[in-house]
Amino acid sequence: MVFSTPLATLITLSTLITFASAVTIQKPLLQLPADAAQNRQTVKEMFLYSYNAYKNDAWGHDDVTPISQGFADDRNGWGATIIDSLSTMYIMGLDDLFQDGVGFASNVSFTKSRTNDTVSVFETTIRYLAGLLSAYELSNSKYPALLTKATEIADTLSHAWVGANAIPYGHMNPDNSPIVQVSNIAEAGSLSLEWYTLSKYTYNPIYAKLGVGSARQIATQPHPLPGLAAQGIDPSTGTPVGDYVTWGGGSDSYFEYLIKYARLSNTFDSLWAQEWATAVDSSINLLSSRSGVGDWLYLADWYGGGTKRLIGSHLACFNAGNIIYGGKLLNNQTIVEFGLELNEGCWNTYASSPTGIGPETFGWKTSGGNFSGPALTSEQETYYQKNGYYPESTDYYLRPEVLESNFYAWRVTGDQKYQTRAASAMTSFQKYLRIPTGGYAGIWDVTMPDAISYIDTTESFWYAEVLKYLYLTFDDPYRISLDDWVFNTEAHPFKAPPAKSTYNEGVSSPTPTVPFTVQQDVPVAQISPCPALGDLLTKVITDVVFGAVENLLEGLVL
């Protein structure tokens with residue numbers, strides 16, 4: 001179906017269709033354990049303890065710095081923690097805080113940055129735009145100011161699409177002029193859920209055309225491996241740069257959104273589900289790797305015409321949950337089981353850690369002794385021989401991904417072990433991350449429980465993701481059901497239409513007919529970095545390139 005019918009009409013028609021034998025994600029008749037209510041209350045108390053530190057020391061700013069009891073404005077000074085927390089507040093029933101947050105958000109001007117920092121199209125979309133839209137949906141459209149401000153954000157970000165470009169530049173100057181530089185597929189291809197949802201409520205197809213069009217441009221380019229796009233993308237040409245393939249930072253949410261957009265939009269274009277399924281099939285056959293110790297399953301990176309890079313990351317551990325989710329959506333139990341086993345490998349980084357918390361990055365050896373990077377230190381070798389992986393970077397920056405995948409595994413299988421794991425992580429957070437003077441902070445070394453050193457920042461995703469995934473693991477599984485809601489990469493739920501009976505059929509866009517050729521690599525900064533870590537992470541997670549497309553898509557297939 002070519003995008004010629006008004007978007008509102010298409011959406012109305014899709015929601016009116018009754019699909020027989022609709023696909024389901026969650027296991028029927030899920031039963032919570034007896035301690036779920038108490039665990040849920042504990043998570044709520046953790047949120048309040050952490051948010052009160054923000055209110056006391058950083059209200060109106062982006063982040064609290066709990067050790068110094070100050071603040072940071074690394075997301076353009078628009079109050080990232082408040083807006084990113086709205087959906088969590090609503091789900092937890094924190095009505096007074098939610099009302100305060102809505103009042104604050106209603107009066108923020110998103111027309112330009114309040115700081116001298118650049119504006120990230122990706123981060124602004126997933127935190128601010130999604131935070132406002134999700135709160136608008138969860139509250140049954142009760143607060144129209146949220147939609148007004150979401151539209152203001154999108155209009156500001158639209159300056160990143162220059163001329164005929166289908167792919168936006170990743171960052172803008174404080175005056176909203178785009179920064180002409182390279183990008184990566186996570187920045188350019190993870191806008192579809194948010195911009196499609198905005199189109200649904202504003203009846204403006206341009207928003208969907210921008211957000212979905214950039215992902216389509218990436219998906220229809222030649223790839224180094226079937227379904228697995230190169231991480232680098234040049235918006236000036238719309239073509240890939242380099243041949244680096246990873247499910248980690250810089251690529252992660254592009255792959256995540258392929259299958260989620262198929263579900264949220266109920267599109268009859270099979271491009272999205274097929275591209276995701278092809279990516280997973282290639283990952284199973286070409287990227288899967290098992291540790292020689294413990295036989296843990298991981299996904300390696302790929303570059304240089306076939307070299308595997310045996311380095312994983314906390315960021316990449318979202319892939320288990322996404323693969324479990326997509327496997328259910330495609331009714332493919334082989335994919336589901338693969339995702340569940342990936343989840344075991346990621347959870348092992350928590351279970352075997354002295355603090356019960358996994359590291360930012362880690363590596364492993366295969367049974368043949370292969371591994372990436374320089375020779376291991378004696379400490380790393382000892383750690384690997386005991387645990388089946390070794391830390392590359394020992395810090396924990398309040399990341400959500402392992403708990404995110406644990407949440408999906410629980411909702412899909414109903415296995416009580418995932419409840420136990422969530423409770424274990426919660427206990428570790430309380431013991432090692434809680435600051436006596438208020439708030440929670442990351443730590444520099446998860447392997448040293450007797451020498452805790454804090455990272456003095458609490459980014460907004462702690463409230464939006466970590467605490468929400470913990471809470472929902474212990475919450476009534478039918479209140480925010482995976483069969484009714486689709487989560488963006490910041491854990492903001494969007495209301496989905498009734499599911500179709502299959503996501504394996506439909507008319508797809510043409511696949512590339514030209515072979516993949518490697519263009520010049522140009523390194524760029526890591527996506528979703530910890531400001532306190534500086535360049536430490538870029539030595540183990542490489543991101544690459546971006547630009548612009550000469551011809552904007554004439555029509556968008558929905």
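Residue numbers count from 1 along this sequence. Since the structure is predicted, the reported quantities are computational estimates derived from the model, not experimental observations.
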Relative to the ring of F318, is the ring of W247 parallel (under 30°), tilted (30 to 60°) or perpendicular (over 60°)?
tilted
Are K417 and E344 within salt-bridge range, i.e. N to O under 4.0 Å?
yes
Is any side-chain heavy atom of Y432 closer than 4.5 Å to a side-chain heavy atom of T427?
no
Is Y396 close to F429 at the side-chain level, that is, under 4.5 Å between some pair of heavy atoms?
yes
With sequence neighbours left out, what residues match Y257 under side-chain hydrogen bond (donor to acceptor under 3.5 Å, both in side chains)?
E194
For a quick test of reading the model, state the closest non-hydrogen atom pair linking P400 to E465 and the distance between them.
CG-OE1, 3.3 Å
Mind checking whether Y469 and F407 have parallel, tilted or perpendicular rings, split at 30° and 60°?
tilted
T267 versus D269, side-chain donor and acceptor atoms under 3.5 Å
no
State yes or no: are the ring centers of Y143 and Y136 separated by less than 6.0 Å?
no
Do the side chains of T151 and Y207 get nearer than 4.5 Å, heavy atoms only?
yes
Run the side chain to side chain contact (heavy atoms under 4.5 Å, CB included) test on F487 and L472 for me, step by step, so that the C-alpha distance in whole Å, both residues' side-chain angles and the decisive distance to 0.1 Å come before the verdict.
CA-CA 12 Å; F487 288 77; L472 287 175; 3.7 Å; yes
Which value, rounded to the nearest 0.5 Å, describes the distance between T489 atom OG1 and L191 atom CG?
11.5 Å
Between T88 and Y463 (side chain of the first, backbone of the second, donor and acceptor by atom type, cut-off under 3.5 Å), is there such a pair?
yes
Atom CG in L470, atom CG in L403: separation rounded to 0.5 Å?
5.0 Å
Carefully, step by step, assess W410 and L32 under the rule side chain to side chain contact (heavy atoms under 4.5 Å, CB included).
CA-CA 10 Å; W410 153 248; L32 290 167; 3.8 Å; yes
So does H492 get a backbone contact from the side chain of S134, meaning a donor-acceptor N/O pair under 3.5 Å?
no
Under 4.5 Å between any side-chain heavy atoms of L271 and T220, yes or no?
yes
Any side-chain donor-acceptor pair under 3.5 Å between Y478 and Q26?
no
Is the distance between the ring centroids of Y503 and F268 less than 6.0 Å?
no
Test your reading of the model: is there a side-chain donor-acceptor pair from E137 to the backbone of K495, 3.5 Å cut-off?
yes
Which distance, rounded to the nearest 0.5 Å, do you find between the OG of S405 and the CG of N343?
5.5 Å
Return yes when atom CG of N285 has more than 12 non-hydrogen atoms of other residues, nucleotides or ligands closer than 6.0 Å, and no otherwise.
yes
Test side chain to side chain donor-acceptor pair (under 3.5 Å) applied to S50 and W462, step by step:
CA-CA 9 Å; S50 194; W462 165 254; 3.1 Å; yes
Are the side chain of Y203 and the backbone of K200 linked by a donor-acceptor contact shorter than 3.5 Å?
no
Consider ring-ring contact (aromatic ring centres under 6.0 Å, His included). Of W296, Y389, Y298, which one does W364 pass it with?
Y298
Given 3.5 Å as the limit, does a donor-acceptor pair link the side chain of R263 with the main chain of D483, or not?
yes
Check: F362 and I311 side chains under 4.5 Å, non-hydrogen atoms:
no
Parallel, tilted or perpendicular: which describes the rings of Y51 and F47, with under 30° parallel and over 60° perpendicular?
parallel
Point-to-point distance, once rounded to the nearest 0.5 Å, from CH2 of W276 to CG of L258
9.5 Å
For Y350 and W347, take the angle between the two ring planes, folded into 0 to 90°, and tell me which bin it lands in: parallel under 30, tilted 30 to 60, perpendicular over 60.
parallel
Would you say T278's side chain and P226's backbone share a donor-acceptor pair under 3.5 angstrom?
no
Test side chain to side chain contact (heavy atoms under 4.5 Å, CB included) on D395 and V446; report intermediate values, then the result.
CA-CA 6 Å; D395 45 286; V446 298; over 6 Å; no
I'd like to know if the side chain of T458 reaches the main chain of Y440, judged simply by a donor and an acceptor atom lying under 3.5 Å from each other, with no hydrogens or angles considered.
yes
How long is the gap from CG on N322 to CD1 on I259, to the nearest 0.5 Å?
8.0 Å
Got a second to check how far I335's CD1 is from L340's CG, nearest 0.5 Å?
12.0 Å
Considering all heavy atoms of both residues, which atom of K308 and which atom of S288 are nearest to each other, and what is their separation?
NZ-O, 3.1 Å
Run the numbers on T366 and S289 for side chain to side chain contact (heavy atoms under 4.5 Å, CB included), then give the verdict.
CA-CA 7 Å; T366 67; S289 176; 3.7 Å; yes
Nearest heavy-atom approach of Q231 to T246 is NE2-CG2, 3.2 Å
Is a side-chain N or O of K468 found less than 3.5 angstrom from the main chain of S85, in a donor-acceptor match?
no
Within the 4.5 Å heavy-atom criterion, are S270 and N504 side-chain neighbours or not?
no
Are any non-hydrogen side-chain atoms of W302 and Y244 less than 4.5 angstrom apart?
no
According to ring pair (Phe, Tyr, Trp, His ring centres under 6.0 Å), who are the partners of Y471, at least two apart in sequence or on a separate chain?
none
Checking T361 side chain against S393 main chain: does a donor-acceptor pair fall under 3.5 Å?
yes
Is there a donor in the side chain of E275 and an acceptor in the side chain of H223, or the other way round, less than 3.5 Å apart?
yes
With heavy-atom distances below 4.5 Å as the criterion, would you say the side chains of E187 and V121 are in contact?
no
May I have all residue pairs that pass salt bridge (Lys or Arg N to Asp or Glu O under 4.0 Å) and include part of residues 22-46, sequence neighbours excluded?
R40-D475
Considering non-hydrogen atoms only, spot the tightest contact between N488 and L193 and give its length.
CA-CD1, 3.9 Å
For A150 versus L129, what's the shortest heavy-atom pair and its separation?
O-CD1, 3.3 Å
Counting distance only, does the side-chain N/O of S199 pair as donor-acceptor with the main-chain N or O of N204 below 3.5 Å?
yes
Using a strict cut-off of less than 4.0 Å between a Lys/Arg side-chain nitrogen and an Asp/Glu carboxylate oxygen, indicate whether E459 and R127 qualify as a salt bridge.
yes
Can a donor-acceptor pair be found between the side chains of H314 and E401 at a distance below 3.5 Å?
yes
Heavy atoms only: give me the nearest Y418-N406 pair and the separation to one decimal.
O-ND2, 2.9 Å
salt_bridge(R75, D84) N-O dist < 4.0 Å:
no
For K431, look at atom NZ and say whether over 12 heavy atoms of other residues, nucleotides or ligands are found less than 6.0 Å away.
no
Kindly check if the number of other-residue, nucleotide or ligand heavy atoms within 6.0 Å of CG (N331) is above 12?
no
